[in-house]
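Take a look at the structure set out below.
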Amino acid sequence: MTRPKAMTKRVVVASGYFNPLHYGHVSYLEKARDLGTSLIVIVNNDIQAARRRASAGPHIPARERVKLVRSLQCVDAALEAIDDGESVAETLRLLHPDVFANGGGQKPNEQELKVCVQLGIQMVDGLGIQLLSLTPYTQHYDWGKPRNESIIAALTGQQSPPHMLEDSFDESKPFAELWMGDHPSGPARVVSPRSPEHRDAATVKRSTPLQDVIKRSPSLLGPSLSDSKQLPFLLKVLSIHKALSIQAHPDKVLAGKLHRERPDVYKDANHKPEIAIALSDDFQALCGFRAVSEIVQMLPRVPELADLIGATAVGALGAAVGDTAKEADALRQAYSSMMHAPDEEVCRQARRLHERAKIATGELACLQDAFQLVCKLYVQYPDDVGIFSVFFMNHLRLNVGECLYMAQNVPHAYISGDIVECMACSDNVVRGGLTPKFKDVEVLCSMLNYAGGPPATLKPTQIEDGIKLYADSCIEEFQVTHLHLPAGGRTCRIFSSEGPALALNLSGFGSISSAGERQEIGAGKVLLLPPGSEPTFEADSNMEIFVACCPPQYFQGLRRAKSCD
């Protein structure tokens with residue numbers, strides 16, 4: 001009979017004073033336990049604790065601290081250190097584990113490092129850090145603003161000084177998006193606090209992709225998300241110089257089908273609802289279909305569009321006004337006719353339309369606005385069928401702080417401006433115009449929500465002075481909190497008790513403190529906050545902070561799904 005193969009044992013050792021034991025310690029020990037099959041905790045003894053204490057204060061005897069640590073579910077054994085000095089090197093030598101999980105934010109003790117190298121113990125650094133510093137991923141798409149005009153370059157410190165020579169610094173390089181999350185196409189990197197002179201093969205690299213850190217320590221996400229080993233959302237900043245593609249995001253059913261059939265084009269099976277919060281008053285976008293009555297009103301004055309969609313579709317739109325079901329059918333017929341028009345005809349009509357738009361005067365307000373947008377888009381994407389979408393879709397301008405909501409199957413395109421964007425973690429985009437990329441016209445026309453009317457905006461809830469919450473019951477995976485802290489201001493709050501949060505300091509300077517840790521934060525600083533943490537923000541100058549996390553109903557849904565399995 002063949003005996004089952006035994007599970008490989010991997011002993012992890014962690015250490016600390018735990019005087020007193022707090023949430024940050026528990027989080028550190030849970031992450032240490034993820035690294036192996038058993039966890040032994042070394043508790044610094046009373047002699048070490050007495051030497052460490054700089055002033056009088058509460059002191060818990062080592063034997064009590066050992067009992068407290070031993071009671072934690074993630075801990076298999078706990079013992080007092082046998083060392084006399086500041087390190088636990090001799091206790092570490094005695095135990096000879098596979099892994100030493102160093103919890104602090106500072107460099108490891110030289111004696112501990114020496115023992116690890118001598119005995120071949122893998123040292124993993126920084127697990128006790130509550131404020132995980134991230135370097136976001138920069139995307140340089142061609143629609144982004146030039147370096148010295150882009151908020152992305154400003155946030156990442158990559159704007160070129162005025163004295164920099166042009167041949168050594170490309171000032172025209174586009175800076176389009178800043179990604180803050182663990183998406184495989186652009187993962188943020190965790191910046192280790194370790195000093196560079198202590199890097200070696202036995203330690204964690206100084207900059208590690210966030211998804212690698214999560215896979216190694218899934219408890220970083222909390223118990224509800226640790227099995228998935230992935231953040232459910234992605235936080236971004238966009239700096240838009242020219243229009244993005246006309247696009248829509250499929251619902252989960254269609255996303256699953258597209259991923260199964262064409263995984264090279266549609267990389268995952270998830271939907272992608274998203275919100276866009278304006279950072280500048282010049283943010284413009286197309287979103288959702290206009291009211292059919294408005295389209296009908298414009299059509300006689302745009303013969304190029306009427307010719308492109310055909311007399312039958314034009315007649316159907318006019319006859320449908322006032323009947324919701326008929327309006328949706330007529331919109332589908334007209335938009336599909338336009339999108340399927342021969343390329344030669346699209347080019348001919350687009351050129352005629354551009355000539356008309358350049359000289360149009362005294363028109364309806366909505367039509368004049370559409371003609372101005374035609375002129376803008378024609379320069380960027382000449383002869384593209386997407387130019388005609390301006391007559392079908394709502395064109396809107398948002399002021400700072402206003403928010404646009406793009407639900408599944410809703411056509412949209414960003415035109416210009418700066419935004420904070422948050423979305424479900426997915427890469428599924430079905431494009432239909434204003435892009436040189438692949439346009440999946442058949443899928444787009446079949447999937448769209450053809451309900452005409454005003455675009456969906458999301459009005460934030462004022463939690464208290466200076467704190468707004470962007471959330472909606474229809475959005476499962478994320479919510480965004482905006483903190484405005486004036487100079488000298490201070491706030492302390494829990495963003496999510498069950499999952500992590502991503503915090504971006506957009507502007508200003510100050511500090512953040514959590515579980516005994518404190519970091520100074522300037523513009524562009526990004527942090528991953530663990531579940532249940534209650535950070536305190538203090539502003540030295542006016543600060544604008546955006547924090548994304550999963551809403552409470554997301555975890556309720558996970559629990560319901562688990563109970564049904």
Rounded to the nearest 0.5 Å, how far does [atom2] of [Y] lie from [atom1] of [X]?
| X | Y | atom1 | atom2 | result |
| --- | --- | --- | --- | --- |
| Ile415 | Leu373 | CD1 | CG | 5.0 Å |
| Leu238 | Leu244 | CG | CG | 6.5 Å |
| Ile246 | Tyr414 | CD1 | OH | 12.5 Å |
| Trp179 | Ser185 | CH2 | OG | 5.0 Å |
| Met543 | Thr491 | CE | OG1 | 11.5 Å |
| Glu477 | Tyr554 | CD | OH | 6.0 Å |

All salt bridge (Lys or Arg N to Asp or Glu O under 4.0 Å) counterparts of [X], not counting sequence neighbours:
| X | value |
| --- | --- |
| Glu177 | Lys236 |
| Arg431 | none |
| Glu476 | Lys252 |
| Lys114 | none |

Side-chain donor or acceptor of [X] paired with backbone N/O of [Y] under 3.5 Å:
| X | Y | result |
| --- | --- | --- |
| His395 | Leu286 | no |
| Asn44 | Ser15 | no |
| Gln139 | Tyr141 | no |
| Thr461 | Ile463 | no |
| Ser541 | Gly508 | no |
| Arg147 | Gln158 | yes |
| Asp418 | Ser280 | no |
| Asn19 | Ile60 | yes |

Counterpart residues, side-chain contact (heavy atoms from CB on, under 4.5 Å), relative to [X] (two or more places apart):
| X | answer |
| --- | --- |
| Val26 | Glu30, Leu72 |
| Ser511 | Arg518, Glu538 |
| His249 | Gln247, Lys272, Glu274, His412, Val429 |
| Asp83 | Gln48, Ala81, Ser87, Val88, Ala89, Glu90, Thr91 |

(request) May I have all residue pairs that pass ring-ring contact (aromatic ring centres under 6.0 Å, His included) and include part of residues 465-495, sequence neighbours excluded? (result)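 As it turns out, the ring-ring contact (aromatic ring centres under 6.0 Å, His included) pairs with a partner in residues 465-495, which skip direct neighbours, are His482-Phe546.
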(message) Less than 3.5 Å apart, any donor N or O on the side chain of Lys525 or Ser133 sitting next to an acceptor on the other?
(response)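 Per modelled atom types, Lys525 and Ser133 side chains form a pair under 3.5 Å.
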(request) Please check if any side-chain donor atom of Asn428 sits under 3.5 Å from a side-chain acceptor atom of His271, or the reverse. (result)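 Result is no, nothing qualifies.
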I'd like to check [X] versus [Y] (side-chain heavy atoms, cut-off strictly below 4.5 Å). Are they in contact?
| X | Y | result |
| --- | --- | --- |
| Ile419 | Ile277 | no |
| Phe233 | Cys550 | yes |
| Met123 | Leu113 | yes |
| Pro411 | Met393 | yes |
| Leu92 | Pro97 | yes |
| Leu469 | Gln479 | yes |
| Ile214 | Gln230 | no |

Search all heavy atoms of [X] against all heavy atoms of [Y] and return the closest pair with its distance.
| X | Y | result |
| --- | --- | --- |
| Asp268 | Ser426 | OD1-OG, 2.8 Å |
| Ala78 | Val66 | O-CG1, 3.7 Å |
| Ala278 | Leu398 | CB-CB, 4.0 Å |
| Leu377 | Ala243 | CD2-CB, 3.6 Å |
| Ser239 | Trp143 | O-CZ3, 3.8 Å |
| Cys422 | Ala548 | SG-CB, 4.0 Å |

(message) If the threshold is 4.0 Å, N to carboxylate O, is there a salt bridge linking Asp281 and Arg397?
(response)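 Arg397 and Asp281: not salt-bridged.
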(request) May I ask you to decide whether Asp46 forms a salt bridge with Arg65, counting only side-chain N to carboxylate O separations under 4.0 Å? (result)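 So Asp46 pairs with Arg65 through a salt bridge.
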(request) Sort and list the pairs that fulfil side-chain hydrogen bond (donor to acceptor under 3.5 Å, both in side chains) and have at least one residue in residues 492-508, not counting sequence neighbours. (result)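 Residue pairs with at least one partner in residues 492-508: Glu498-Arg559.
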(message) Asp142 vs His241, test: side-chain contact (heavy atoms from CB on, under 4.5 Å). Steps then yes/no.
(response) CA-CA 9 Å; Asp142 66 353; His241 179 63; over 6 Å; no
(request) Kindly assign one of parallel, tilted or perpendicular to the pair Tyr28 and Phe18, based on the angle between their ring planes and the thresholds 30° and 60°. (result)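 The arrangement is parallel - the two ring planes meet at less than 30°.
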(message) Just to verify, which of Ile40, Leu35, Leu29 counts as forming a side chain to side chain contact (heavy atoms under 4.5 Å, CB included) with Val12?
(response)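 Output: one option passes, namely Leu35.
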(message) Taking side chain to side chain contact (heavy atoms under 4.5 Å, CB included) as the criterion, tell me which of Asp182, Leu132, Leu231 meets it with Leu502.
(response)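 Result: among Asp182, Leu132, Leu231, Leu231 is the only option passing the side chain to side chain contact (heavy atoms under 4.5 Å, CB included) with Leu502.
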(request) Please confirm whether Lys376 makes a cation-pi placement over Tyr381, using NZ or CZ under 6.0 Å from the six-membered ring centre and within 45° of the ring normal. (result)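 The answer is no; the distance or angle limit is not met.
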Which donor-acceptor pairs under 3.5 Å do the side chains of residues 526-533 make with protein atoms, sequence neighbours left out?
residue, atom, partner, partner atom, Å
Ser533, OG, Pro530, O, 2.9

Side-chain donor-acceptor pairs of residues 399-408 under 3.5 Å, sequence neighbours excluded:
residue, atom, partner, partner atom, Å
Glu402, OE1, Asn399, N, 2.7

(request) In sequence, state the C-alpha distance, the side-chain angles, and the governing distance for Glu534 and Cys492, and then conclude on side-chain contact (heavy atoms from CB on, under 4.5 Å). (result) CA-CA 6 Å; Glu534 191 173 9; Cys492 176; 3.5 Å; yes
(request) Could you walk me through whether Leu220 and Lys31 pass side-chain contact (heavy atoms from CB on, under 4.5 Å), step by step? (result) CA-CA 7 Å; Leu220 188 72; Lys31 285 180 278 186; 3.8 Å; yes
(request) Return yes when atom CD of Glu464 has more than 12 non-hydrogen atoms of other residues, nucleotides or ligands closer than 6.0 Å, and no otherwise. (result)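 Yes, because the 6.0 Å sphere around CD of Glu464 holds more than 12 heavy atoms from other groups.
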(message) Using side-chain contact (heavy atoms from CB on, under 4.5 Å), reason through Leu504 and Ile545 one step at a time and then give a plain yes or no.
(response) CA-CA 6 Å; Leu504 162 69; Ile545 301 164; over 6 Å; no
